[in-house]
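See structure below.
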Amino acid sequence: MAKLHRIAIAGIFATFVSYIVLSQASGNIFEGLSEHYKPEIRKVCASSLERTASIGSQQEDPSLPLLYIVTPTYSRPEMVAELTRLGQTLLLVPRLHWIVPEDSYSCNAVVTDTLRRIGLPFTHLATPMPPLYRKLAYVPRGVSNRRAAIAWLQNHANANSVLYFLDDDNAVDVHLLEQIRYTEKVSMFPVGLIGKFSVSSPVLNEEGKVTGFFDGWPAGRKFQVDMAGFAVNVGFLKTQPQVTMPYVAGYEEDGFLKSLNIELQDIEPLANGCSEVLVWHTRTVKNPTRDVKPDAPRATANIKQLLSNMHKMAMLR
């Protein structure tokens, strides 16, 4: 009987946990369940307000609305390569501040050095994912990073500015960045190379108003968009009392946009009436982290220094 009693209790507990998980995903049973209940770790590692690059756009018209590009990152062999590629694209855009929140407990000097080398105005944050979310079957990656960036913007950003989430493995046409600069509330546009339709986009009526979404994964979401498919006016964001992003994989965008208290009629469609793809959800092939030891004839000073530098960049063990 004792064994049967334990099995019954275990069954009830499993049902309860499943109920909570499903409630978290739907977001309508336990209000605020996806909110983290403990203080999240957030550190400002380094920041610069100056554009030091000698290449790229040199026109810094202060009347232009400022673009805040938020790019989450984490240590892996491709990290520096992807930050370099994206950063050198962003150099073509004037009046831009790059926020790079890293999933790390400590400040990674390699990230700071990379941002300084690229030469954009930047803020480097260290903001690890809380451990309890790493144990989930579907891990909400990048949420702690973006939440930290949102908090930083609420405290430090100029109201005459625009927020755009752009992952380090995305590709973007700089003409899109010039369009989103003038977002009044929330703008949206297609994202290519995503889902079973190879695109995610708002659907417009004959009057050019958003009436729905063309996306391969509706999943009960009100806003069926990719993270790279919208931009938000920071002044508008600051007027909203409970802006957040939930720790629920697949529902991060929907939860964030719902917290802004917008409706479909508030959305400003860009990219020629959402008929062009100007940003792509590209994905870099993952490389293994190898342990490389050269043989004696090739263990020269430059090779030793090269491998040491690659180790610092998380390219090698």
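Numbering of residues begins at 1 and proceeds along the displayed sequence. If you're wondering where the values come from, they're calculated on a predicted model, not measured in any experiment.
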Determine, stepwise, if the pair Thr73 / Asp168 fulfils side chain to side chain donor-acceptor pair (under 3.5 Å).
CA-CA 7 Å; Thr73 195; Asp168 55 10; 3.0 Å; yes
Checking Thr284 against Arg76 for the side chain to side chain donor-acceptor pair (under 3.5 Å) test, could you report, in this order, the C-alpha distance in whole Å, the side-chain angles of both residues, the deciding distance, and whether it holds?
CA-CA 12 Å; Thr284 302; Arg76 64 199 188 282; over 6 Å; no
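Between Tyr68 and the choices Leu153, Val162, Val232, Thr123, the side chain to side chain contact (heavy atoms under 4.5 Å, CB included) rule is met once, by Leu153.
Residue Gln240 qualifies as enclosed at atom CD: its count of foreign heavy atoms under 6.0 Å is above 12. In the displayed structure, Glu50 atom CD is contacted under 6.0 Å by at most 12 heavy atoms of other residues, nucleotides or ligands. No more than 12 heavy atoms of other residues, nucleotides or ligands lie within 6.0 Å of NZ in Lys304, so this atom counts as exposed by the packing criterion.
Counting only distance, with no hydrogens or angles, the side chain of Glu102 and the backbone of Tyr74 share no donor-acceptor pair below 3.5 Å. Here the side chain of Asn287 pairs a donor or acceptor atom with the backbone of Val285 at under 3.5 angstrom. Remark: side-chain polar atoms of Ser144 are paired, donor with acceptor, to backbone N or O of Thr127 under 3.5 angstrom.
Asp113 and Arg116 are not joined by a salt bridge, as no carboxylate oxygen comes within less than 4.0 angstrom of a charged side-chain nitrogen. With respect to Arg146 and Glu252, no salt bridge is recorded, no charged nitrogen being found less than 4.0 Å from a carboxylate O. A salt bridge does not link Glu207 to Lys209: none of the charged nitrogens lies less than 4.0 Å from a carboxylate oxygen. No salt bridge links Glu263 with Lys185; every basic N to acidic carboxylate O contact stays at or beyond 4.0 Å.
Between Phe165 and Phe256, a ring centre-to-centre spacing shorter than 6.0 Å is recorded. Separation of the Trp152 and Phe122 ring centroids does not fall under the 6.0 Å cut-off.
Looking only at atom types and distance, the side chain of Thr84 has a donor-acceptor partner in the side chain of Arg117 under 3.5 Å away.
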